[in-house]
Structure formats: structure tokens, C-alpha cells
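In what follows, a single structure is set out as C-alpha cells and then discussed.
In this chain, residues are counted from 1 in sequence order. No hydrogens, no waters, no symmetry mates; every other heavy atom, side chains included, goes into these values.
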Amino acid sequence: LFQTYLDMAVKEDNSLAKHWNEGADGIIIFTGLFSAAVATLLTVSTLDLQQNPADVSAFYLAKIYQLQNGSQDSIPSTLSPPSSKFSPSNHVVLVNILWFLSLAISITCALAATLVQQWARRYIKVTQQPYSPHKQARIRAFFAEGINKFHLPLVVELLPTFLHLSVFLFFAGLGVFL
């Protein structure tokens, strides 16, 4: 009786683990490429969160030039005095918030997919040890109960949804950026 149960369980477990691993592989590859693109754009957009040091330098260099030459010429209107209370515009802040959220969710999905793969490998390794059929059936039942208790199938199914959310946040930020 136990051997029949184990034969059916091994087929089901292998199929489940294969499904989880294949789904997680795709998520890991996509999140790696997507996160690299988002991180690259973030490096550009975060510069807008602070005052441009080149503008400050240009203003002070023009001021020094004016003082050294004793010139009464005014500083060109394109050079405005640096403000001590710089505040980035709302759209710049919004873009960075959306892109940071997108990156965080994407990296979290990659981490979760890696954990799912690790758990699937461990599950197969532990449940298919060469024990007596009775002991092996009990081990398999224990781990199968853990899968249900921690809602692992739901977690696996939600990973693409969170990845879609991450992509949506990225495109929302891109729309505001452009």
C-alpha cells in the first residue's frame, strides 16, 4: 500500500518541482535583465534629486571672475544663485519613487523565485530518500503538509503577478519621466 502511494507521490512531486523550477527560471532571468535596466535609469534619475553641482560651480566661478576683474558687469541671467534650500520637483520625486518600488519588487521576486527553486530541490531530495516505504511515506506527507500550510503553490502563482506590478510601476514612472 505504501509503495503504491509513493509511486504516485513521486510522479506528482517531480511534476510539481519541475513546474516550479521552470517558472522560477524564467522569473529569475527576466528579473535580472529588468532590474539591470531599472537600476541604470535610476542612476540617471537620482541625479535630479539634488542640485546640479556644475550650476553651483559655474555661478561661483562667474562671481570670482567678476570680483577679480573689478568688473561691474552683472552675472549672466542664465546663472542663478544657488539656493540653500534646494527642493526637487514633484515629478522627479514621483519617478524615483515608482522606479525604486519597481526595482525593490523585482529583486524581491528574484529572491522568492530562488527560494522556491531551493525549496523544490530540497523537497525532492528529502522526500525521495531510500528509506523504508512506511518512513518515506511519512516524510513525504509531512513535507506535503508543509507545502499546504505555508501556501507555497499560492506564492509560486503570485510571483508573476508581482513581477507584472513591478513592470507596471516602471512604465508608470517612465511615462512621468518622459
Side-chain angles (χ1 to χ4, degrees), residues 16-123 146-147 149-178:
L16 188 65
K18 181 181 175 189
H19 171 72
W20 287 350
N21 278 323
E22 288 172 354
D25 281 341
I27 288 172
I28 291 170
I29 290 168
F30 179 80
T31 55
L33 296 172
F34 179 69
S35 296
V38 174
T40 301
L41 286 172
L42 267 171
T43 59
V44 173
S45 70
T46 54
L47 296 176
D48 295 336
L49 292 173
Q50 57 187 342
Q51 193 169 20
N52 188 348
D55 292 344
V56 175
S57 296
F59 175 80
Y60 284 118
L61 284 173
K63 193 74 162 167
I64 292 169
Y65 175 77
Q66 184 183 21
L67 292 172
Q68 282 186 342
N69 287 336
S71 169
Q72 296 302 325
D73 297 337
S74 64
I75 296 176
S77 62
T78 56
L79 295 176
S80 58
S83 79
S84 60
K85 295 181 181 179
F86 174 77
S87 177
S89 64
N90 289 338
H91 81 279
V92 169
V93 173
L94 179 61
V95 166
N96 280 281
I97 288 171
L98 291 171
W99 284 353
F100 273 112
L101 281 173
S102 175
L103 183 62
I105 292 170
S106 177
I107 290 173
T108 302
C109 285
L111 174 65
T114 304
L115 291 173
V116 164
Q117 283 184 326
Q118 182 182 10
W119 204 93
R121 280 192 301 272
R122 177 88 173 130
Y123 178 78
I147 285 176
K149 181 179 177 183
F150 294 110
H151 307 287
L152 197 58
L154 179 64
V155 170
V156 171
E157 295 302 320
L158 285 177
L159 282 177
T161 304
F162 281 113
L163 200 51
H164 291 145
L165 173 64
S166 176
V167 171
F168 174 76
L169 290 172
F170 169 75
F171 280 120
L174 189 61
V176 173
F177 183 73
L178 298 176

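- Contact between Leu169 and Ser102 at its shortest, heavy atoms only, is CB-CB, 4.0 Å.
- Within the 3.5 Å criterion, the main-chain N or O of Ala104 finds a donor-acceptor partner in the side chain of Thr108.
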Under the side-chain contact (heavy atoms from CB on, under 4.5 Å) criterion, do Thr40 and Val44 qualify, and how do the steps go?
CA-CA 7 Å; Thr40 301; Val44 173; 5.6 Å; no
Going through the checks in order, is the side-chain contact (heavy atoms from CB on, under 4.5 Å) test met by Phe100 and Thr46?
CA-CA 10 Å; Phe100 273 112; Thr46 54; 3.8 Å; yes
Working for side-chain contact (heavy atoms from CB on, under 4.5 Å), residues Ile107 and Thr31
CA-CA 7 Å; Ile107 290 173; Thr31 55; over 6 Å; no
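- Atom CG of Asn96 and atom CG of Leu103 lie 11.5 Å apart (nearest 0.5 Å).
- In this structure, Ser45 and Val92 approach most closely via the heavy-atom pair O-CG1, 4.3 Å.
- For the atom pair CZ of Phe34 and CD1 of Ile29, the computed distance is 16.0 Å after rounding to the nearest 0.5 Å.
- Using a 4.5 Å heavy-atom cutoff, the side chains of Phe171 and Leu174 are in contact.
- Closest approach of Ile28 to Gln117, counting heavy atoms only: CD1-OE1, 3.3 Å.
- The shortest non-hydrogen separation linking Ser35 to Ser106 is OG-OG, 2.8 Å.
- Distance check, rounded to the nearest 0.5 Å: CG of Leu163 to CG of Leu158 gives 12.0 Å.
- Taking the side-chain contact (heavy atoms from CB on, under 4.5 Å) definition, one finds that Leu115 meets it with Leu111, Gln118, sequence neighbours left out.
- In this structure, CD in Glu157 is found 8.0 Å from CG in Leu154, a value given to the nearest 0.5 Å.
- For Phe162, the CZ atom counts as loosely surrounded, since its 6.0 Å shell holds 12 or fewer non-hydrogen atoms of other residues, nucleotides or ligands.
- Taking CG of Leu98 as the reference point, atom CZ of Phe168 lies at 8.5 Å (rounded to 0.5 Å).
- Under the 4.5 Å side-chain criterion, counting only non-hydrogen atoms from C-beta, Trp119 is in contact with Ile147.
- Looking at Trp20 and Leu152, their side chains come closer than 4.5 Å, going by heavy atoms from C-beta outward.
- At least one side-chain heavy atom of Ile27 sits under 4.5 Å from a side-chain heavy atom of Pro160.
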Could you go step by step and tell me if Phe170 and Leu41 meet the side-chain contact (heavy atoms from CB on, under 4.5 Å) rule?
CA-CA 10 Å; Phe170 169 75; Leu41 286 172; 3.5 Å; yes
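- Counting heavy atoms from C-beta outward, Phe30 and Cys109 have side chains that stay 4.5 Å or more apart.
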